[in-house]
**Q** 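The structure that follows is given in the form of structure tokens.
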Amino acid sequence: MPENLDPRYDHPTIEAKIYDLWEKSGFFNPDKLPYPKSAKPYTVIMPPPNANGALHAGHAVFVTLQDILARFWRMRGKRVLWLPGADHAGFETQVVFDKKLEKEGRNRFQIPREKLWQEMWNFTQENKKVMENQLRKLGASCDWSREKFTLDPDIIKEVHRTFVRLYEDGLAYRDVRVVNWCPKHKTALSDLEVKYVEREDPLYYIKYGPLTLATVRPETKFGDTALAVNPKDKRYKKYIGKEIHAQGVLGKLTFKVIADDAVDPAFGTGVIKVTPAHDSTDFEIWQRHKEEIPGLRIVIDENGRLTKETGPFAGLKVAEAREKVAEEMKRIGILEKVEPNYKHQVATCYKCGSTLEPLPKPQWFIKMKPLAEKAIKAVEQGKIKFYPDRTKKVYFHWLKNIRDWNISRQIVWGIRIPAWYHEPKCVPKRGHEGDVVKCKELIISPTEPKCEFCDAKFVQDPDVFDTWFSSAQWPFLTLGYPNGKDYKIFYPTDVMETGYDILFFWVARMIMMGLYRTGKVPFKTVYLHGLVRDKDRQKMSKSKGNVVNPLGVAETYGTDALRMALVVGNTAGNDIVISEDKIRGYRNFATKIWNIARFILMNKPEARDVRVAMRAEDKKNLAELKRLKAAVTKHIEKFEFHLAAEKLYHYVWHTFADKIVEQYKNRLRVNEPPAFGAATRPSGHGSPLHGESEAESPAKSLAGRLSGSQKQEVRGDQRAAYHVLETILLECLTMLHPFMPFVTEEIYQKLRPGQLLLVEK
RNA sequence: GCGUCCAUAGCUCAGUGGUAGAGCGCUUGCAUGACACGCAAGAGGUCUGAGGUUCAAUCCCUCAUGGACGCACCA
């Protein structure tokens, strides 16, 4: 008698057991797969989750989609490598950790670098462990033996090498520029990390001698070094190249008036003040007119407060200073008028929302143009395919207008920039006191260099790399470029599956850096999924309190249900709406599959030497199954996971369970009714109507009256019925396995003990 | 300003150049040899609007309206 299953699929115990079974098999590791040597590799590099907190619904989406790919191709005989990792997530983690410190009444600026680093190291290692177990709970069939962390020594070493190469090729350079400075986090940010928000502020019209100009930032006027107009603006032609005298807040001032195309004659009065230290456009204007006008006059510091150059306003925060300066201007009669509600975009920190302060800082930049051109070409040549295809347009647009990338961050958490600066003064070696030597001011080196000519020390740049600088190299770093065995086998990788929100941050930069270092594209296909929204289409965020904890949901309804809910209705590039109702629906589906299997197993005929006698309907049903299989395969190959999942759902429930199983019930019913029938039927229901006397099945009574050979025939038919049902069940389990790995494997274990659906063909 | 996407059932979303689909919800009836997390039957749609291409448009094209988003910005 076959083992009876419970009427409910008990996911919590089974999922843990099954994952353990898989992991112990070693088949997540492509080297250990029981496949022939000729089996082709298939590689997916996992976007490494940030090691600074728990996984969220977005992670569940990528785990599901990538695990579908990994399992599907593994079952099709490829040597699948799905390589997991974790990201130190420099600035993001620094922000999380800063908050933690704040709660403890501490502050990172008061903690010595080494101590802070150690604390953050411990913090991320803890999070990493949690995250790894969460990935296991989501069923990720990734090769843990190859897991990488972005701060592994071999990764750091290669990131350093990349930087050295870029420097030597003239693509990495250090320069003073007006950068996006967050006064709260006290670091510069890249252009991508700036969030522009619309705000209404007063627009002040200020008199500069004979001219009037409009600004929203009167507090920066102490940093003015010139006035500028458009060269074609007839109104101001007579002033160009001349000096004007103006009454300033702190006294009399003299400015040269210059002409620059950056000035829009239609805006305000068509005159601007040039404040190179506190505005990036003004900085660029100054760069173009360096000979004519003075440069950086810094009047705002790193804390967003006015410097001592501003006299009575020193120490005031920008917002207060603005009002005070305006009042003073009004008092001395240089404030012409104020437009109170001027709408404009303000640059803010994407993490804390602080208004960014444009400040001049020496930073490391990457020259992007040459890298971008190659990245554009590779995609134009079709070396990388995008899903959805339209993403390419966005990709091209960004790359064609790319600006140099500031990779310096003034934080501790990250890979330190391997740049060393010579002490300001030379310390001549003994015996060479009188020599005139030319010491190198800057050396790029992972370790502390020594000066060739003198005894002065080199001081390392305190900054760390933008986390995306190392992430951009992730595909080849994780595979052990340049000499690793894996690199030779698994690179370029097959698919990069990630969210469309990091197309520029990550995908485009991976393509650029991959091409730069390896000469090859890092992946052949990019699949971009959408962002997860709640049932009201709201973006999930902690502050809104609408975050779906995927692990909690998996706990309640099972991982398989969560995964199905994330796949069905989820098309490439479009946002994903998740609701508990939907997950519950697929939990029901898991139970359905379970009960189909339960029913079939209950009716397994005793093994007898009877010929299986197939009917026409059997062949028809198997043919339909074959068609479904072809369709599902094709959908997955085309990255149409939602269509594959929907078709499977529909077939399993509404064809297999509702029609085929019902249709075959009679044919299975050759022997006495199984004992469970009476036992499982809830008592008190139907007994009077379905009593033994009236409700004897025709098949049963038939079997009683049949001759020996006729009995053989009926049993042959019964075996055929069972055979068809079991075949369909097995095929459905196989097809469903990439989507719902746990319940399918568990049932498979009942049907084929000792084998693994994980590597079933 | 430049660009991208979306608009289909009450809700959330699939889909297709030729009778319109799913989940959830709703209505009605149900213990039927696994499943009430179930079974059966059913209601519900001018596929945003206006043009165009076509024998035929929800689908392709143009414009409009409403919504989401990205990029770049003017002080």
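Bear in mind that the values here come from a model prediction, so they are computed numbers and not experimental data. Because only heavy atoms are used, hydrogens play no part in the values below, and waters and symmetry mates are left out as well, while side chains stay in. In what follows, chains are A, B, ... by sequence order, proteins preceding strands, each numbered from 1.
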**Q** If I take atom CZ from residue A:R217 and atom OG1 from residue A:T275, how far apart are they, to the nearest 0.5 angstrom?
**A** 9.0 Å

**Q** Are the side chain of A:K400 and the backbone of A:I376 linked by a donor-acceptor contact shorter than 3.5 Å?
**A**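 Not confirmed, A:K400 side chain does not pair with A:I376 backbone.
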
**Q** Would you indicate which nucleotide in B:rC35, B:rG15, B:rC71 comes nearest to any side-chain atom of A:T571?
**A** B:rG15

**Q** Does A:T275 reach a base, just sugar-phosphate, or nothing at all? Heavy atoms under 4.0 Å.
**A** nothing

**Q** What's touching nucleotides 38-45 of chain B from the protein side, N or O pairs under 3.5 Å?
**A**
unit_1 : atom_1 : unit_2 : atom_2 : d
B:rG38 : OP1    : A:N588 : ND2    : 3.4
B:rG38 : O3'    : A:K592 : NZ     : 3.0
B:rC39 : OP1    : A:K592 : NZ     : 2.7
B:rC39 : OP1    : A:W653 : NE1    : 2.7
B:rC39 : OP1    : A:D658 : OD1    : 3.3

**Q** Specify the separation, in whole Å, of atom CG of A:L528 and atom P of B:rU4.
**A** 17 Å

**Q** Of all the choices, B:rG70, B:rG15, B:rU4, which nucleotide is nearest to the side chain of A:R390 once you look at every atom?
**A** B:rU4

**Q** Could you give the CG-to-C1' distance, from A:D575 to B:rG70, as a whole number of Å?
**A**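 About 12 Å, once rounded to whole Å.
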
**Q** Which residues satisfy the ring pair (Phe, Tyr, Trp, His ring centres under 6.0 Å) test with A:Y557, sequence neighbours excluded?
**A** none

**Q** What are the residues of residues 725-733 of chain A, sorted by number, that bring a heavy atom to within less than 4.0 Å of RNA chain B?
**A**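 Within this stretch, nothing sits under 4.0 Å of the strand.
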
**Q** Which distance, rounded to the nearest 0.5 Å, do you find between the CG of A:L356 and the OH of A:Y350?
**A**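 Nearest 0.5 Å value for the CG-OH distance: 11.5 Å.
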
**Q** Please give the distance between the P atoms of B:rA43 and B:rU53 as a whole number of Å.
**A**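 Pairwise P distance, B:rA43 against B:rU53, rounds to 38 Å.
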
**Q** Could you work out the separation of B:rG17 and B:rA57 based on their P atoms and round it to a whole Å?
**A** 14 Å

**Q** Within the 4.0 Å heavy-atom criterion, would you say A:N574 contacts the bases, only the backbone, or no part of the nucleic acid?
**A** sugar-phosphate

**Q** Looking only at atom C1', what distance separates B:rC26 and B:rC11, rounded to whole Å?
**A**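 Each nucleotide's C1' atom is 12 Å from the other's.
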
**Q** Is any N or O donor-acceptor pair between the side chain of A:K647 and the base of B:rA22 shorter than 3.5 Å?
**A** no

**Q** For A:F641 and A:Y527, run ring-ring contact (aromatic ring centres under 6.0 Å, His included): C-alpha distance rounded to whole Å, both residues' side-chain angles, the deciding distance at 0.1 Å, then the answer.
**A** CA-CA 12 Å; A:F641 310 116; A:Y527 180 98; 5.6 Å; yes

**Q** So, does A:N401 get its side chain near the phosphate of B:rG3, meaning an N or O under 4.0 Å from OP1 or OP2?
**A**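 For A:N401, the contact criterion (side-chain N or O under 4.0 Å from OP1 or OP2 of B:rG3) is not met.
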
**Q** Compare the minimum distances between each of B:rA22, B:rA34, B:rC74 and the side chain of A:H650, then state the nucleotide with the smallest one.
**A** B:rA22

**Q** Side chain of A:R598 only, heavy atoms from C-beta on: which candidate in B:rA34, B:rC5, B:rC74 is closest?
**A** B:rA34

**Q** What is the distance from atom CD1 of A:I511 to atom CG of A:L371, rounded to the nearest 0.5 Å?
**A** 12.5 Å

**Q** Could you check whether A:Y649 gets within reach of a base, just the sugar-phosphate, or nothing at all, counting any heavy atom under 4.0 Å?
**A**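 If one applies the 4.0 Å heavy-atom cut-off, A:Y649 turns out to touch the sugar-phosphate alone, with no base involved.
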
**Q** Is a side-chain N or O of A:N570 found less than 3.5 angstrom from the main chain of A:I576, in a donor-acceptor match?
**A** no

**Q** In dot-bracket, 5' to 3', how would RNA chain B read with Watson-Crick or G-U wobble pairs under 3.5 Å, [ ] for crossing ones and | for pairs to another strand?
**A** (((((((..((((....[..)))).(((((.......))))).....(((((..]....))))))))))))....

**Q** Rounded at 0.5 Å granularity, tell me how far NE2 in A:H344 sits from CG in A:L203.
**A** 8.5 Å

**Q** When the distance from CD of A:E640 to P of B:rA14 is rounded to whole Å, what number comes out?
**A**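 The answer, rounded to whole Å, is 13 Å.
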
**Q** I want to check one thing: is the phosphate of B:rC74, taken as OP1 and OP2, less than 4.0 Å away from some side-chain N or O of A:T281?
**A** yes

**Q** Taking atom P in both B:rU62 and B:rG23, what distance in whole Å separates the two?
**A** 35 Å

**Q** Sticking with atom P, work out how far B:rC61 lies from B:rU54, rounded to a whole angstrom.
**A** 16 Å

**Q** Compute both the distance and the angle, then confirm whether A:K592 meets the cation-pi test with A:Y649: under 6.0 Å from the six-membered ring centre, within 45 degrees of the axis.
**A** no

**Q** Does the structure place the NZ or CZ of A:K221 under 6.0 Å from the centre of the six-membered ring of A:Y208, at an angle of no more than 45° from the ring's axis?
**A** yes

**Q** Determine the interatomic distance between P on B:rA68 and the same-named atom on B:rU27; round to the nearest Å.
**A**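 Per the computed distance, 34 Å lies between those P atoms.
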
**Q** Please verify the inter-ring angle class for A:Y239 with A:Y236; under 30° counts as parallel, over 60° as perpendicular, anything in between as tilted.
**A**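 Ring orientation of A:Y239 relative to A:Y236: tilted.
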
**Q** Expected output is a numbered-order residue list: members of residues 555-569 of chain A with a heavy atom under 4.0 Å from any atom of RNA chain B. What is it?
**A** A:G569

**Q** In whole Å, what is the span from the CG atom of A:N595 to the P atom of B:rA36?
**A** 7 Å

**Q** How long is the straight-line distance from CZ of A:R509 back to CG of A:L503, given to the nearest 0.5 Å?
**A** 11.0 Å

**Q** Atom NZ of A:K665 and atom P of B:rU32: how far apart are they, to the nearest Å?
**A** 11 Å

**Q** Would the base of B:rC37 count as contacting A:R584 through its side chain, where contact means a donor and an acceptor less than 3.5 Å apart?
**A** no

**Q** Does A:R199 come within less than 4.0 Å of A:D201, counting only side-chain N to carboxylate O?
**A** no

**Q** What integer number of Å spans the P atoms of B:rA7 and B:rG15?
**A**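 One P to the other, the span is 10 Å.
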
**Q** Return the CG to CG distance between A:D282 and A:L296, rounded to the nearest 0.5 Å.
**A** 11.0 Å

**Q** Whole-Å distance between B:rC71 C1' and A:Y350 OH?
**A**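 One finds 18 Å between C1' of B:rC71 and OH of A:Y350, rounded.
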
**Q** Just compare B:rU4, B:rA34, B:rC24 and give me whichever is closest to any side-chain atom of A:D581.
**A** B:rC24

**Q** Taking only the C1' atom of each, what is the distance from B:rC71 to B:rA9 in whole angstrom?
**A**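 Nearest-Å result for B:rC71 against B:rA9 at atom C1': 37 Å.
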
**Q** A:L531 has an atom CG; how far is it from atom P of B:rA68, in whole Å?
**A**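 A:L531 atom CG is separated from B:rA68 atom P by 15 Å.
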
**Q** What is the distance, rounded to the nearest whole Å, between atom NE2 of A:H397 and atom P of B:rC71?
**A**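 For the pair A:H397 NE2 and B:rC71 P, the rounded distance is 11 Å.
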
**Q** Between A:Y651 and A:F656, how do the two ring planes meet: parallel, tilted or perpendicular, split at 30° and 60°?
**A**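 Judged by the thresholds at 30° and 60°, the geometry between A:Y651 and A:F656 is parallel.
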
**Q** For A:H397, enumerate each residue passing the ring pair (Phe, Tyr, Trp, His ring centres under 6.0 Å) test, keeping only those at least two apart in sequence or located in another chain.
**A** none

